[in-house]
Amino acid sequence: MTQASQIAHTCTMTERRNTRVILAITFIALVTWGLAIAKWGLPALFLPAVCLVPILMFLLVLISRG
């Protein structure tokens, strides 16, 4: 194997690992959210949206200011 092909292989392995980690975190977050909804009902359904309001407002201000 040449050095370029080794680097390309390493990058794809890293990308695969990162993809698996991102998917695992997303799956765990969705399962946790589902369990919270099952336990506490409607308040747990709206809680993530309420928590994201300040973050999204900051992003909107950041985008609008250029």
Side-chain angles (χ1 to χ4, degrees):
M1 283 171 116
T2 63
Q3 187 176 8
S5 64
Q6 288 175 347
I7 292 172
H9 180 68
T10 303
C11 290
T12 58
M13 294 301 287
T14 303
E15 290 172 355
R16 287 180 188 170
R17 184 177 55 98
N18 289 343
T19 303
R20 287 183 185 147
V21 168
I22 291 170
L23 288 175
I25 290 171
T26 304
F27 179 73
I28 290 169
L30 288 174
V31 167
T32 305
W33 189 30
L35 291 173
I37 293 169
K39 182 165 176 76
W40 293 298
L42 201 56
L45 184 65
F46 297 127
L47 192 59
V50 172
C51 292
L52 284 174
V53 168
I55 296 168
L56 293 177
M57 285 299 293
F58 173 76
L59 287 175
L60 284 172
V61 169
L62 189 67
I63 290 170
S64 67
R65 298 203 71 189

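Hydrogens, waters and symmetry mates play no part in the numbers below; they use all other heavy atoms, side chains included.
Linking Ile, Leu, Val, Met, Phe, Trp and Tyr residues whenever their side-chain heavy atoms come within less than 4.5 Å places Leu52 and Leu59 in a single cluster.
Residues Ala44 and Ala36 approach most closely at CB-O, 3.4 Å, considering heavy atoms. The shortest non-hydrogen separation linking Pro48 to Trp33 is CG-NE1, 3.4 Å. In terms of heavy-atom proximity, Pro54 sits nearest to Val50 at CD-O, 3.8 Å.
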Indicate every side-chain donor-acceptor pair of residues 18-32 with a distance under 3.5 Å to a residue at least two apart or in another chain.
residue : atom : partner : partner atom : Å
Asn18   : ND2  : Thr14   : O            : 3.4
Thr19   : OG1  : Glu15   : O            : 2.7
Thr26   : OG1  : Ile22   : O            : 2.8
Thr32   : OG1  : Ile28   : O            : 2.7

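Distance check, rounded to the nearest 0.5 Å: CZ of Phe46 to CD1 of Ile37 gives 9.5 Å.
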